[in-house]
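A quick write-up on the structure given underneath.
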Amino acid sequence: MKQLVNAFLAIMITAFALMYLGSWMNSREGYSGGNTLTIYNWGDYVDPDLLKEFEKETGLTVIYQTFDSNEAMLTKVEQGGTTFDVVIPSDYAIAKMKEENLLIPLDHSKVPNLKNIDSRFMDLSFDPGNKYSVPYFWGTVGIIFNPEMTKGMDFTSWDSLWDSRLKNNIFLVDGAREVMGMALNSLHYSVNDRDEAHLQEALTKLNKLSPNVKAIVGDEIKMLLANEEAAVGIVWSGDASEIMDENDKLDYVVPEEGSNKWFDNMVIPRTADNVDGAHKFINFMLRPDVAAKNAEYVGYSTPNIPALELLPKETSEDTRFYPPAEITDRLEVYDNLGKRMLAHYNELFLKFKMNKK
């Protein structure tokens, strides 16, 4: 019996020693909630110098991880294997995260710089009262085109894409919501339409677009359009800005029938280790000088009004990327369609892609 007790004690001592060693190693590697902040964001979607500046100001160590889609982000957050303190998902993903109880409410008293955000971009359908999220960047979905290659064609309507002069000359971004939304808008329907007759009508119209579609592509769409591999593309405004930096011949327009107005917002997951540090980071990113520097680095549109005043006028006054209220008011945010309807959108988009082949 004494030998059993001694063996048990030896095992317990070894176990506690291993636990202590693991905790010590984690803290050395920056995985302790108290002195670190783990951020989960899109790739190349923050100025690295700002992370260093935040570390210097707060004494926290930033661990920065990236994802390439909202779906990949949701899967990782749901699994809970890694603890994130701040995540930057898109609007419809935020609605889904709320629905699945993956977020904690923000303490607005700890985010005084929230006052800097344009009221047009607050209190939206995916997060009423901004209870869970704060705007980071925003933009639109529209048409980027090469005036030299399209010889004076007018792209103020989605219907222009069906012009036979554009045969095999359009790149589409590989996104069901974007492509289905474009087709629905061209028929004067909502990007969130759930009416089956309308959805089938949109698919039929998309199939008629197939001869003009050169390819349906992912991130490479930026390089392909900049290199003039096609005359026209359907892209997010932030990507359009990057493409136009590479090739200033190109132009961008949001068609008059309407389009998507998208947002990427900062949230705090329910499993966050450093909630206080997360609030500090969110407030830091909303500081005008920080938001302006970040917008210049990333190239996307900032929702921060004082930050706009710090940007070069050729940027802040460019109505293609900072459209006035009369345009943004007729654009729609993607609603969370629910699993069944979202799967149906994906199914219809897949049918279109298969028809294209």
Distance-minimising heavy-atom pair for Ala226 and Glu246: CB-CB, 3.8 Å

Path from Met122 to Phe137 over hydrophobic side-chain contacts below 4.5 Å: yes

Stepwise side chain to side chain contact (heavy atoms under 4.5 Å, CB included) check, Asn113 with Val290: CA-CA 11 Å; Asn113 286 330; Val290 171; over 6 Å; no

Backbone N/O of Ala307 and side chain of Asn116: donor-acceptor pair under 3.5 Å: no

Polar side-chain atom of His344 near backbone of Arg194 as donor-acceptor pair, under 3.5 Å: no

Worked verdict on Asp49 versus Lys56 for salt bridge (Lys or Arg N to Asp or Glu O under 4.0 Å): CA-CA 11 Å; Asp49 289 341; Lys56 186 177 179 181; over 6 Å; no

Polar side-chain atom of Thr140 near backbone of Gly142 as donor-acceptor pair, under 3.5 Å: no

Under 3.5 Å donor-acceptor, Asn260 side chain and Glu332 backbone: yes

Presence of salt bridge, Asp91 and Lys261, under 4.0 angstrom: no

Asn336 versus Tyr92, closest heavy-atom pair with distance: CB-O, 4.1 Å

Test log, rule side chain to side chain contact (heavy atoms under 4.5 Å, CB included), inputs Met153 and Val232: CA-CA 11 Å; Met153 288 182 64; Val232 177; over 6 Å; no

Gap separating the CZ atom of Phe126 from the NZ atom of Lys98, nearest 0.5 angstrom: 9.0 Å

Minimum-distance pair of heavy atoms, taken over all atoms of Asp154 and Ser160: O-CB, 3.3 Å

Value rounded to 0.5 Å, distance of OG in Ser237 from CZ in Arg320: 11.5 Å

Heavy-atom side-chain contact between Asn70 and Met97 under 4.5 Å: no

Given Phe121, Trp236, Trp262, the one that forms ring pair (Phe, Tyr, Trp, His ring centres under 6.0 Å) with Trp138: Phe121

Whether Asn130 side chain and Ser133 backbone form a donor-acceptor pair below 3.5 Å: yes

Separation of Leu206 CG from Asn355 CG (nearest 0.5 Å): 9.5 Å

Candidate list Tyr45, Phe84, Phe281, test ring pair (Phe, Tyr, Trp, His ring centres under 6.0 Å), partner Tyr40, passing option: Phe84

Ring centers of Tyr136, Tyr300 separated by less than 6.0 Å: no

Heavy-atom donor-acceptor pair, Asp107 side chain to Ser109 backbone, under 3.5 Å: yes

Close side-chain approach of Ile104 and Arg270, heavy atoms under 4.5 Å: yes

Check: Met182 and Val141 side chains under 4.5 Å, non-hydrogen atoms: no

Where at least one partner belongs to residues 151-185, residue pairs that pass ring-ring contact (aromatic ring centres under 6.0 Å, His included), sequence neighbours excluded: Phe145-Phe155

Asp47 side chain to Asn294 backbone, donor-acceptor under 3.5 Å: no

Ser259 to Asn185 - nearest heavy-atom pair and separation: CA-OD1, 3.1 Å

Flag side-chain contact, heavy atom, 4.5 Å: Leu199 against Met180: yes

Sole candidate of Val267, Val87, Ile268, Asp127 that passes side-chain contact (heavy atoms from CB on, under 4.5 Å) when paired with Leu103: Val267

Test item: side-chain donor near acceptor, Glu257 and Ser157, under 3.5 Å: yes

Glu78: salt bridge (charged side-chain N to carboxylate O under 4.0 Å, His left out) partners, not counting sequence neighbours: none

Residue list, side-chain contact (heavy atoms from CB on, under 4.5 Å) with Lys339, at least two apart or on another chain: Lys96, Glu100

Lys110 and Asn283, any side-chain heavy atoms less than 4.5 Å apart: no

Single-linkage hydrophobic cluster, 4.5 Å side-chain cutoff, Met149 and Ile144 together: no

For the student: nearest non-hydrogen atoms of Asp85 and Ala278, plus distance: O-CB, 3.5 Å

Hydrophobic cluster membership, Ile305 vs Leu311, 4.5 Å side-chain cutoff: no

Separation of Glu256 CD from Ile327 CD1 (nearest 0.5 Å): 11.0 Å

Whether Phe321 and Tyr252 hold their rings parallel, tilted or perpendicular, with breakpoints at 30° and 60°: parallel

Test item: Asn41 side-chain N/O and Thr66 main-chain N/O as donor-acceptor pair under 3.5 Å: no

Non-neighbouring partners of Asp118 that pass salt bridge (charged side-chain N to carboxylate O under 4.0 Å, His left out), sequence neighbours left out: Arg120

Heavy-atom side-chain contact between Glu314 and Asp318 under 4.5 Å: no

Exercise: identify the closest heavy-atom pair between Asn274 and Leu37: O-CD1, 3.9 Å

Same apolar cluster (I L V M F W Y, side chains within < 4.5 Å links), Leu308/Leu310: no

From CA spacing to verdict: side chain to side chain contact (heavy atoms under 4.5 Å, CB included), Thr61, Glu55: CA-CA 6 Å; Thr61 298; Glu55 289 180 322; 3.9 Å; yes

Flag, side chain of Ser90 to backbone of Ala93, donor-acceptor distance under 3.5 Å: no

Contacts of type salt bridge (charged side-chain N to carboxylate O under 4.0 Å, His left out), residue Lys214, not counting sequence neighbours: none

Flag if over 12 foreign heavy atoms under 6.0 Å of CG, Asp219: no

Mutual orientation of the aromatic rings belonging to His198 and Tyr189 [parallel < 30°, tilted 30-60°, perpendicular > 60°]: parallel

Close side-chain approach of Ile234 and Val179, heavy atoms under 4.5 Å: no

Set of residues satisfying salt bridge (charged side-chain N to carboxylate O under 4.0 Å, His left out) with respect to Asp174, sequence neighbours excluded: Lys353

Heavy-atom check, side chain of Phe284 versus side chain of Glu53, under 4.5 Å: yes

Step-by-step side chain to side chain contact (heavy atoms under 4.5 Å, CB included) determination, Met285 to Val86: CA-CA 12 Å; Met285 294 307 296; Val86 178; over 6 Å; no

Inter-residue atom distance Leu250.CG - Ile143.CD1, 0.5 Å rounding: 13.5 Å

Atom pair CG/CG of Asn146 and Asn247 - distance to nearest 0.5 Å: 6.5 Å

